[in-house]
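Order of listing sets the numbers, starting from 1, for every ligand and every atom in it.
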Amino acid sequence: MTHTTPAAPPPAGPTTFASRDPATGRVLADHPVHGPDDVADAVRRSREAAGRWAALPAAERRSALLTWKRELAARLDAVAATVAAETGKPRADAELELLLTLVHLDWAARHAGRLLRRRRVRSGWLAANQSATLVHRPLGVIGVIGPWNYPVYTPMGSIGYALAAGNGVVFKPSEYTPATGAALAEAFDAAVPESAGLLTVVTGAGPTGEALARSGVDKVAFTGSPGTARRVMAVCAESLTPLLAECGGKDAVIVAADADLDAAADAVVWGAMGNAGQTCAGVERVYAVREIHEELCRRIVERARDLRPGAGSDASYGPMTMPGQAEVVRRHITEALAAGAEALWGGTDSVAGNVVAPVVLTGVPEDCPALTEETFGPVVVVNAVTDVDEAVRLADASRYALGAAVFCGSRRTGAALAARLRAGAVSVNSVLGFAAVPALPFGGSGDSGFGRVHGAEGLLSFTAPQSVTVRRFAAPVDLTSFRTPAAAKARAVALVRGLHRRR
Ligand code: NAD
C-alpha cells in the first residue's frame with residue numbers, strides 16, 4: 001500500500017494591493033484583491049437590487065440618477081483630487097473629465113425613459129390583424145472593466161448608461177485607479193441609499209477582471225487594450241456572455257491646404273500631448289498636404305516647445321501613469337529615427353524616467369511602430385501627403401479605427417472628407433469634438449473594438465429588444481393553422497407573390 005501526502009493547498013495570493021502616486025511612487029492606499037467569491041457576491045447583491053431597480057417607473061430611475069449626478073457634482077473637488085493623485089494628471093484635467101461625465105450622466109438619465117419605452121410599430125398588411133410593439137428591456141447585471149487613463153469618464157460611458165437602461169453594475173476599475181472607482185459607488189450609495197448595492201465595485205488586477213467576466217453577468221463592457229480585450233472575449237465565449245469592447249486607437253488628423261493652420265496646430269498639440277498622450281482617441285498621426293506641411297510643422301513645434309510636463313501644479317501634463325509605458329514610447333521614437341525619420345522637436349532624450357517631454361516627428365515610414373502601434377505617449381508624427389485622397393487612404397490603413405479629425409477651409413468639404421473615413425467618430429476643425437456631445441455614440445472597429453457607448457446606441461447596448469404581437473382579430477386566411485384549407489393558402493401565396501413581383 002502506498003501512502004501519498006496530500007498536495008499542499010496553492011499559496012494564497014496577496015489579499016491587498018497598493019495604489020501609488022505615478023510621479024513619486026509613494027503608496028496612496030491599500031485596496032482589497034477581490035477573488036471569484038467576492039465577485040460572485042457583488043454580482044448577487046447587484047442582481048437583487050437590479051430586480052427592484054428595473055421594476056421602478058422610468059421617472060423614478062431618472063430622478064435617482066439625477067440625484068447621483070448632483071452628488072457627484074457636489075463631490076467634484078474630492079473625486080478630481082483622487083483622479084489626479086492616482087493618474088498623475090493635472091487637477092484641471094481631472095476636473096474637465098468630471099464635467100464631461102456629468103453631461104453624459106445627465107443625458108442618459110433624461111433620455112432613457114423615452115428611448116427605451118414600449119412603442120408601437122407597423123404590423124404590415126400581411127399581419128394587419130396583429131398589433132405590434134417593441135420594448136428594450138434591461139439585461140440584468142453588467143460587468144464593467146475599466147482603464148486608468150480617464151478613470152471616471154470612460155467607465156461611466158458604460159456605468160451611467162447601463163444603470164439608466166435599468167441594469168445593475170459591478171465595476172472593476174483599473175488597478176491603477178481603485179479609489180476613483182470606489183468613489184463613484186460611494187457617491188451612488190449616498191445619493192440613492194434605497195438602491196445601495198446596485199452599483200458595486202470590486203478591486204484587483206487582471207484576475208479580478210477575469211473573475212468578473214466569468215461570473216455570469218449578463219454582459220461585459222470592457223475598456224482597455226486590444227490584447228486584454230482578446231483575453232476577456234475568450235473567457236466570455238465560454239458562456240456566450242456578450243461583450244462590448246472599447247479598445248485603443250491610432251487617431252489620424254488630416255490637414256487640407258486651405259485649413260486654418262493655427263487652429264490645426266493648436267488642436268494637434270492638445271490632442272497629441274494632453275494627458276501625456278494617454279488618450280484612446282488622442283492624436284498620434286497627422287497627414288498634412290505638402291503645400292502647408294512645413295508651415296504646419298513649424299506651428300506645431302512652436303506650441304509643443306512651450307509645454308511643461310511633470311508633476312508641478314503648473315504642469316501642462318503629468319508623468320506616464322503606467323511605469324512600463326515610457327519604454328514603449330522610447331522604442332517607437334528610436335525605431336522611427338533609425339528608419340530615417342526626422343525629429344522636429346525632442347527625440348529619445350525626451351524620455352526621462354516616467355516623464356516624457358513632447359516629441360514631434362516627420363518623414364516616418366508607414367511601417368514603423370510609431371505609425372502602426374498605439375504609442376500612448378506625447379509623441380506626434382506629422383507626415384506630408386500629396387493630396388487629401390492620399391491622407392484618407394493612409395488614415396484608413398491602420399488596424400485601429402476609433403476617432404479622427406479633419407481640418408479644412410470649407411466645413412462642407414470637411415464633412416465630406418469625414419464621411420470617407422472608417423473611424424467611429426470624426427471631428428471637423430477640432431479634435432475630440434464628439435466627446436462632449438452625449439447624444440453621439442462612441443466606439444470603433446478593428447483593433448479599436450466593437451459596440452458603442454453614449455447616445456441612444458449606448459443605452460441600447462445595455463438592453464435586449466423584446467417584440468410582442470397581440471392578435472386583434474382573426475385573419476381572413478390563417479397561415480398558422482393546419483386547419484386552413486390548402487386552396488385558401490395557395491390563394492394567399494399567389495396574392496403576395498403577385499404583389500412582390502410588381503413592386
Ligand atoms: P488594459 O487592457 O491593461 O486593462 C484594462 C482593464 O482590464 C483593467 O481594469 C485591467 O485590470 C483589466 N484586465 C487585465 N487583464 C484582464 C483579464 N485577463 N481579464 C479581465 N480583465 C483584465 O488597459 P489599460 O492600460 O488600463 O488602458 C489603456 C488602454 O485602454 C489603451 O489601449 C487605451 O487606448 C484604451 N482605452 C480605450 C478607450 C475607449 O473608449 N475606446 C478609453 C480609454 C482607454
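- For atom 36 (N) of ligand 1, the closest non-hydrogen atom on the protein side is Cys280 CB, 3.4 Å.
- Scanning Phe171, Phe222, Trp148 for the heavy atom closest to atom 26 (O) of ligand 1 points to Trp148.
- In this structure, Glu210 does not pair ionically with Lys172, as no charged nitrogen and carboxylate oxygen lie closer than 4.0 Å.
- Ligand 1 places these atoms under 4.0 Å from at least one heavy atom of Asn149: 43 (C), 44 (C).
- In terms of protein heavy-atom proximity, atom 18 (N) of ligand 1 is nearest to Arg231 NE, 4.0 Å.
- Protein heavy atom nearest atom 28 (C) of ligand 1, with residue, atom name and distance: Phe376 CE2, 3.9 Å.
- Residues His104 and Tyr153 bring their aromatic ring centres within 6.0 Å.
- Salt bridge Lys250/Glu284: present, at least one basic N to carboxylate O contact under 4.0 Å.
- With a 4.0 Å cut-off on non-hydrogen atoms, Leu212 does not touch ligand 1 at all.
- Here Cys247 has backbone heavy atoms under 4.0 Å from ligand 1, and that is the only part of it that gets that close.
- For atom 5 (C) of ligand 1, the candidate residues are Thr228, Thr154, Ile145, Thr223; the nearest heavy-atom contact is made by Thr223.
- Between the Trp53 side chain and the Leu163 main chain, a donor and an acceptor come within less than 3.5 Å of each other.
- The closest protein non-hydrogen atom to atom 27 (O) of ligand 1 is Pro147 CB, 3.4 Å.
- Annotation: Met233, atom CE; neighbour count of heavy atoms from other residues, nucleotides and ligands within 6.0 Å does not exceed 12.
- A salt bridge links Glu48 with Arg44: the distance from a Lys NZ or Arg NE/NH1/NH2 to an Asp or Glu carboxylate oxygen falls below 4.0 Å.
- Residue Glu374 has at least one N or O atom closer than 3.5 Å to an N or O atom of ligand 1.
- Here is the list of ligand 1 atoms found below 4.0 Å of a heavy atom in Ser174: 9 (O).
- In the vicinity of Gly206, heavy-atom distances shorter than 4.0 Å reach the ligand 1 atoms 11 (O), 13 (N), 14 (C), 15 (N), 16 (C), 17 (C), 19 (N), 20 (C), 21 (N), 22 (C).
- Salt bridge status for Glu238 with Arg214: present, with a side-chain N to carboxylate O gap under 4.0 Å.
- When Pro173, Ser225, Ser158, Gly181 are ranked by how near their heavy atoms come to atom 1 (P) of ligand 1, first place goes to Ser225.
- Below 30°, between 30° and 60°, or above 60°: for Phe434 and Phe442 the angle between ring planes is below 30°, a parallel geometry.
- Closest heavy-atom approach to atom 29 (C) of ligand 1 within the set Gly282, Gly324, Gly224: this belongs to Gly224.
- With atom 6 (C) of ligand 1 as the reference point, the heavy atom nearest to it among Gly157, Ala205, Gly146 is part of Gly146.
- For ligand 1, the atoms closer than 4.0 angstrom to any heavy atom of Gly209 are 19 (N), 20 (C), 21 (N).
- From the protein, the heavy atom lying nearest to atom 19 (N) of ligand 1 is Glu210 N, 3.5 Å.
- Put simply, SG on Cys368 and CD on Glu335 are 7.0 Å apart, with the number rounded to the nearest 0.5 Å.
- Within the 4.0 Å heavy-atom shell around ligand 1 one does not find Tyr176.
- Under 4.0 Å is where a charged nitrogen must lie from a carboxylate oxygen, and between Arg47 and Asp218 at least one such pair does.
- Side-chain contact between Lys89 and Val83 is present, with heavy atoms from C-beta onward closer than 4.5 Å.
- Between Thr177 and Val152 there is no side-chain heavy-atom pair separated by less than 4.5 Å.
- At the top of the distance list for atom 40 (O) of ligand 1, counting protein heavy atoms only, stands Phe442 CE2, 3.4 Å.
- Atoms of ligand 1 lying under 4.0 Å from any heavy atom of Glu175, numbered from 1 in the order shown and given with element: 8 (C), 10 (C), 11 (O).
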